[in-house]
There are 2 protein chains.
Amino acid sequence: MSSIKGKGHCRSCAIRQMSIFAQLPEAALVEIQHFQPSIIHFSANETVYHQGEAASCAYTLRQGLVRLVKTLPNGRTQIVRLIRAGDSFGFDGFIGEPYNHSAIPLCEIEVCRLPLAELLALKRQHPEIENAMMKRWIQHLREAEDMMLELGAKKASERLASFLIRWCEPVGLNGWIELPLSRSEIGELLGLTIETVSRFISDWKRQGWIEERQGRIHLLDTKQLQALACVDD
Amino acid sequence: MSSIKGKGHCRSCAIRQMSIFAQLPEAALVEIQHFQPSIIHFSANETVYHQGEAASCAYTLRQGLVRLVKTLPNGRTQIVRLIRAGDSFGFDGFIGEPYNHSAIPLCEIEVCRLPLAELLALKRQHPEIENAMMKRWIQHLREAEDMMLELGAKKASERLASFLIRWCEPVGLNGWIELPLSRSEIGELLGLTIETVSRFISDWKRQGWIEERQGRIHLLDTKQLQALACVDD
DNA sequence: CGCATATTTGAAGCCCATCAAGCGAAGTGG
DNA sequence: CCACTTCGCTTGATGGGCTTCAAATATGCG
């Protein structure tokens, strides 16, 4: 079950630098305390909010990884975004709409819950927040456009290769990195079946282009993958 | 060729009510005149800006229809958004990035070109703009999520059916409406080939579910299409 | 260890892309 | 005005890529 750990302590918050509150002056942090944002834990697959629910709160991810998911009546699902520590999500309430997707943790997570009304007030007083949010939205829109290109114009192997390359970018394309997504979750992200994902990964392992051990992955031959990926930018 | 028609006259602008400047007080409109936004005409397929170009201006569409397109090195393309009158686009410069897509008119268009630096200044002085822009971004992000679900989780017929239903919504699902997209452009939007699009449309015409005359379309049996579309929301 | 779950692998089939040809409407120039 | 071209759309035939169904193997967890 989810559990409320306590009130947020913005001043000492480890991920504030990565969040939309990074540029806030120290003085403003005291103010936020009045809002008493809640720090909440969720375990893996324990839904933070459901698609269609009234959107009364936004969230900032403090730890872990969250997937934003949309589901068709027939059960087919699509992961529309992956949320990392420092990212905020769940702003649909700003336009009076219910959540457009469900937010489901990929692992144990910790979020900071921000009531929208209070966030709205805070935003009005501090243009830095508005600015930071705006930049995030533009960035997210760009990433969504990139994803649409992936889904609409690329083949299975191309999508998977460019996903792996993007995923491994943080470690400079040459080290080991956690891959906390199951085959099925990778499939839901890329619009593929679990079998197709598994087949290509197995194949590329046999080719010696990638290796994998206990949930971590390592790209050995990025050239080959890059060629497969149909790189554009 | 594109041609600059003259300076914008915000006060008398026919589409201002639909734009991000709708809530601006009359007084502020005079200010904008100093910025002298340019009204520019483009003919169909005459690119407004190219993916990768430095993004120095944003645009508001006054008339016509624009497609935002991303292209792979091998030539495959994906329409990532359709822009209607009143919509603004091309904000990548706000985060210091080049345009993430190309903007290409589907027909003759008229745009209002806004230098980003000046728009930024105007935004700072008038929170209404910032607010309106924020709402648009949230809305666009929601639509992008919807599109990712379409592209990743639906089959050809389902994508096409729900596209037609969405397209015809403005006329209440029971009247004729312009469809200024060619088969090939519908394909680029839905991640399908021109032949697949043509086949289904022809089939549905034969079934008597839709009819089409000189670039206009009419849904006759929305129930059937709805069933095909895998409706979710 | 034993069970549940995730992954792999195989076989079959379908959906859609690809290749190819024909059709119709609009535009051009003689 | 009409042959000719062009372009978008249609329709057919074929093949391949990915899904689906199924079963075996690996992995993790109590």
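We name chains A, B, ... by the order of the sequence lines, and we start the count at 1 in each one.
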Just the table, please: protein N/O against nucleotides 21-23 of chain C N/O, every pair under 3.5 Å.
none

Mind listing the closest non-hydrogen atom pair of [X] and [Y] along with its distance?
X       : Y       : result
K154(A) : E150(A) : NZ-OE2, 2.8 Å
L225(A) : I210(A) : CD1-CG2, 3.8 Å
C107(B) : L65(B)  : SG-N, 3.6 Å

Legend entry - Aromatic ring pairing F91(B)/W137(B), orientation class (parallel under 30°, perpendicular over 60°, tilted between):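 Answer is perpendicular, since the angle exceeds 60°.
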Inset, instruction - Go through the steps for E185(A) and R67(A) under the test salt bridge (Lys or Arg N to Asp or Glu O under 4.0 Å), then give the verdict. - result: CA-CA 9 Å; E185(A) 284 154 352; R67(A) 63 189 192 272; 3.6 Å; yes
Inset, instruction - Determine whether more than 12 heavy atoms belonging to other residues, nucleotides or ligands lie under 6.0 Å from atom CD of Q63(B). - result: no
Legend entry - Under 4.0 Å protein heavy-atom contact, by nucleotide of nucleotides 15-30 of chain D - B base, S sugar-phosphate only: ---SBBBB--------
Rounded distance in Å - [atom1] ([X]) to [atom2] ([N]):
X       : N       : atom1 : atom2 : answer
I194(B) : dT18(C) : CD1   : P     : 12 Å
L151(B) : dC16(C) : CG    : P     : 13 Å
N45(A)  : dA6(C)  : CG    : P     : 9 Å

Legend entry - Test item: side-chain donor near acceptor, Q51(A) and H101(A), under 3.5 Å: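 Side-chain D/A pair, Q51(A) to H101(A): absent.
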Legend entry - Lys NZ or Arg CZ of R216(B) over W167(B) ring: under 6.0 Å, within 45°: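 Output no; distance or angle outside limits.
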Legend entry - Under the salt bridge (charged side-chain N to carboxylate O under 4.0 Å, His left out) test, residues paired with K205(B) that sit two or more places apart: E212(B)
Legend entry - Global bending angle along the helix from dC1(C)-dG30(D) to dG30(C)-dC1(D), which compares the axes of five pairs at either end, to 10 degrees: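 Inter-axis angle at the termini of the helix from dC1(C)-dG30(D) to dG30(C)-dC1(D): 40°.
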Legend entry - Distance in Å, L189(A) CG paired with F163(A) CZ, rounded so as to fall on 0.5 Å steps: 5.5 Å
Inset, instruction - Mind checking S182(B) for me? I need base, sugar-phosphate or nothing, with any heavy atom below 4.0 Å counting as a touch. - result: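 The answer is sugar-phosphate, as S182(B) gets under 4.0 Å only of primed atoms, P, OP1 or OP2.
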Legend entry - Candidate list L68(B), V69(B), V66(B), test side-chain contact (heavy atoms from CB on, under 4.5 Å), partner R81(B), passing option: L68(B)
Legend entry - Residue-level proximity of residues 202-213 of chain A to DNA chain C when a heavy atom falls under 4.0 Å: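 Those residues are S202(A), K205(A), R206(A).
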Inset, instruction - With sequence neighbours excluded, tell me which residues meet ring-ring contact (aromatic ring centres under 6.0 Å, His included) with H218(B). - result: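 W176(B).
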Inset, instruction - State whether the side chain of D92(A) and the backbone N or O of A55(A) hold a donor-acceptor pair below 3.5 Å, judged by distance alone. - result: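 No.
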